[in-house]
Each structure stands twice: as C-alpha cells, then as structure tokens.
Amino acid sequence: HAKESGRGQTSAYCLELDLERENMADAERRLKAAIGNDEIGVVFQPLTAAASGKIIGVEALARWSPPTGPVSPEVFIPLAERSGLIDQLSHKVFQTALQAVRDWPELDLSLNVSPLQLCNPNFADEIKHLLTSQNFDPHRLILEVTEGVFISKPDRAQRSITALHAIGVRFAMDDFGTGHASIGTLRQFGFDKVKIDRSLISGGNDAILRATIQLAAALDIPVTAEGIETDEQAHFARDAGCELLQGYLIGKPMSLAMLKERLEPPPPAVKRA
Ligand code: C2E
Ligand code: MG
Ligand code: MG
Ligand code: MG
C-alpha cells in the first residue's frame, strides 16, 4: 500500500512505512504536532444538481501536507481515530470549512464525520456549539457518515442523529453500496441523503448501480453519485435518478481561492464605458 500511494513522496512514504511497521508512536507524534501547528488544511469539492449543472454545495476534505509531501486522508484519518486525535483534528477541519463557506448562503456544506465521533455522547453539542459560534445555518449542514458505526453502537449513533436532526442538520450515508449498510439502516436512522460509492459508478455493472439508486429512490431519499469522471457516467447517473453529481468531471477538490473563482467567475474582459 505504501508503495502505491507514496510514489515520489519520500516523507509520506516513510510515514506510511512507519504505520506498516507499527511504529505508531512516531506517526502519532507527527500528526499531533501537525494539528497543533495548523498544518491540517481543507479543500472543497463541488456538488452539482444533476438537472441544471448548478453548484449547490461543497464537500470539505481534510488535507495534510507537510513540507516533505502530502499524506492521504485514507492514512491519517484512521491514524487519528486510533490515536484519539480525531476530535481535535475534526474540530479544526469543521471550523475552517464552516468559516470558509459561511458567506455563500446558497451553498450547502458537507462534512465527513468519523463513525467514532458520531458515537461520542458530546458530539451533537459540539456541532451545535460550532454552528452557533460560526453563525452558520444548521439547515445548510450535511454530515456524511459511513456505515461501520451503525453495527457497533447503534444507540449512541441514533442519539447524535436525533439531536442534530432537531435543529435541521441533515445526514448522508457515504460510500453506500460497498459494505453492510442496507436499506433498513437508511430508514432506521433517518438518513436524508445517500452517496453512491464511486466503485459502483466506475465498476461497470449498470444493473447493480441502477438497482442501488432505485432502492434509495423507493424510500424517497435523494441520491448523490460520487466519483463521476466521464460524461457517460454523468448521463447514466442522471438518467438513473441521481439528484446530485460529484467527481473529477465536475471539479476536483480545490482550495478556497479556486472555489471562489469557480463560484464567482471573473468579470467580463470588456468594460462598459
Ligand atoms: P469520501 O468522503 O468518500 O470522499 C471522496 C473521496 O474521493 C475523496 O478522497 C475525493 O478526493 C475522492 N474523489 C472525488 N471525486 C473523485 C473522482 O472523480 N475520482 C476519484 N478517483 N476520486 C474522487 P480523499 O480526499 O482522499 O478522502 C478520502 C476519504 O477520507 C473520504 O472519502 C473520507 O472518508 C475521508 N476523509 C476526508 N476528509 C475527512 C475529514 O475531514 N474527516 C473524516 N472523518 N474523514 C475524512
Ligand atoms: Mg464524503
Ligand atoms: Mg464517499
Ligand atoms: Mg470514501
């Protein structure tokens, strides 16, 4: 794994190697320092309405780029979870993201929540506090959760969801179609949205993809297709009933400055007299 994802990035390679060698202490120390030194950044990936192509929201994705080369969230998020740093890390990510899009009232913001966090009894209060302190409308916030937690600690997860639903926060099940989450899980926890995993989008099995989208549609749960890379995939997803599209075709995760350019195109070159 380290070989694949650390290509040409000496330090990232070492960090992943450390993890593989179970030299956790060193990797943890570095991550902890990075959180303290504000080395954790956030990028934004647009979500568009399938019908109009209009950007209606953005997903915030955490980035860690030490001078020696970026480390993938697929590596540092699990590390943060295992080492008890996930709350600290998320707090920074959430705060940065809320602040960044606060002044675009027409944009929804999606944040990724680690299943561990959702089971933390303080989670709902922490989100409420962040929303209040950032003066952010809860109806604009969508929390994306993967399914793992629903099997291990369903009661705790349910409590967090219920408390946040009460103030208008919505929940999306992320990476749907990859694991054990069923249509029953979606209904039981009251998910507002479903994101079909990109492995299904690119997997080439149209029947399975269409059936998965129809499952959610049968529950009146709007579907987002993630990982859209080609026009063909976009057309298929739209025809199959996806409400929102996300993927490299529409836009890669980008800096706040690039997002601003995307949302506010530069004024026309020709000035009026
Ligand atoms: P995710 O939430 O399912 O995010 C989608 C991932 O797919 C992102 O990878 C994104 O960059 C990538 N992606 C988007 N469109 C395309 C596409 O068209 N093609 C391909 N090949 N990839 C695409 P990223 O940023 O590396 O994040 C990986 C995962 O790490 C996320 O999956 C999410 O589960 C987790 N993650 C990222 N940021 C956070 C965070 O702040 N907190 C938590 N708890 N998890 C996070
Ligand atoms: Mg996500
Ligand atoms: Mg996903
Ligand atoms: Mg994912």
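When a ligand or atom number is given, it counts from 1 through the structure's own listing order.
With values rounded to the nearest 0.5 angstrom, Leu141 atom CG is found 6.0 Å from Leu109 atom CG. Remark: Leu47 CG to Glu226 CD distance equals 9.5 Å, nearest 0.5 Å.
For the pair Arg238 and Phe236, the cation does not sit on the ring face, since its NZ or CZ is not both under 6.0 Å from the ring centre and inside 45° of the axis.
Here Ile77 has side-chain heavy atoms under 4.0 Å from ligand 1, and that is the only part of it that gets that close. The side chain of Asp175, and not its backbone, has at least one atom closer than 4.0 Å to an atom of ligand 1 (non-hydrogen atoms only; side chain from C-beta on).
In this structure, the side chain of Glu264 does not engage the main chain of Glu261 through any donor-acceptor pair within 3.5 Å. Arg140 places a side-chain N or O within 3.5 Å of a backbone atom of Arg102 that can act as its donor or acceptor partner. Not a single donor-acceptor pair under 3.5 Å links the side chain of Asp197 to the backbone N or O of Phe176. For Thr178 (side chain) and Asp175 (main-chain N/O), a donor-acceptor pair under 3.5 Å exists by modelled atom type. Side chain of Asn205 to backbone of Ile208: a donor-acceptor contact under 3.5 angstrom is found. Between the side chain of Ser160 and the backbone N or O of Leu118, at least one donor-acceptor pair lies under 3.5 Å.
Close approach of ligand 1 to Gly247 (heavy-atom distance below 4.0 Å) involves ligand atoms 15 (N), 18 (O). Listed by atom number, the atoms of ligand 1 under 4.0 Å from Asp174 heavy atoms are 1 (P), 2 (O), 3 (O). Atoms of ligand 1 found under 4.0 Å from any heavy atom of Ser114, numbered from 1 in the order shown, are 44 (N). Within the listing of ligand 1, atoms 24 (P), 25 (O), 26 (O), 27 (O), 30 (O), 37 (C) sit less than 4.0 angstrom from a heavy atom of Pro73. Close approach of ligand 1 to Val93 is summarised as follows: ligand atoms under 4.0 Å from at least one heavy atom of the residue are 41 (O). Atoms of ligand 1 found under 4.0 Å from any heavy atom of Ile228, numbered from 1 in the order shown, are 18 (O). Of all atoms in ligand 1, listed by their number and element, those nearer than 4.0 Å to a heavy atom of Glu59 are 2 (O), 4 (O). Shown in contact with Pro253 at under 4.0 Å from a heavy atom are these atoms of ligand 1, numbered in order with element: 11 (O).
Considering only non-hydrogen atoms, atom 15 (N) of ligand 1 lies nearest to Gln45 out of Gln233, Glu229, Gln45, Gln246. Counting heavy atoms only, Arg198 comes closest to atom 7 (O) of ligand 1 of the residues Lys195, Arg198, Arg63.
In Asp174, the N, O or S atom that comes nearest to the Mg ion (ligand 2) is OD2. As for Asp175, its N/O/S atom nearest the Mg ion (ligand 3) is the one called OD1. Minimum-distance N/O/S atom of Glu59 relative to the Mg ion (ligand 2): OE2.
Inclusion of Asn112 in the set of residues having an N or O under 3.5 Å from an N or O of ligand 1 is warranted. At least one N or O atom of Tyr248, backbone or side chain, sits closer than 3.5 Å to an N or O atom of ligand 1. Considering backbone and side-chain N/O of Val113, none are found under 3.5 Å from N/O of ligand 1.
In summary, Asp197 places no N/O/S atom under 2.8 Å from the Mg ion (ligand 3), failing the contact criterion. Among the atoms of Glu144, no N, O or S atom falls under 2.8 Å of the Mg ion (ligand 3). Taking backbone and side-chain atoms together, Glu226 has no N/O/S atom less than 2.8 Å away from the Mg ion (ligand 2). Look at Asn112 and the Mg ion (ligand 2): an N/O/S atom of the residue is under 2.8 Å from the metal.
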Sequence neighbours excluded and cut-off under 3.5 Å, please list the side-chain donor-acceptor pairs for residues 50-61, or say none.
residue, atom, partner, partner atom, Å
Ser52, OG, Lys54, N, 3.2
Glu59, OE1, Lys195, NZ, 2.8
Glu59, OE1, Gln246, NE2, 2.9
Glu59, OE2, Asn112, ND2, 2.8

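Residues satisfying the side-chain hydrogen bond (donor to acceptor under 3.5 Å, both in side chains) criterion with Glu243, sequence neighbours excluded, are absent altogether.
Checking Ser202 against Gln233 by side-chain atom types alone, no donor-acceptor pair falls below 3.5 Å.
Salt-bridge check for Arg29 with Asp26: passed, with a basic side-chain N closer than 4.0 Å to an acidic carboxylate O. The residues Arg170 and Asp108 are annotated as salt-bridged, a charged nitrogen and a carboxylate oxygen being separated by less than 4.0 angstrom.
For the pair Gly227 and ligand 1, a heavy-atom separation below 4.0 Å is found.
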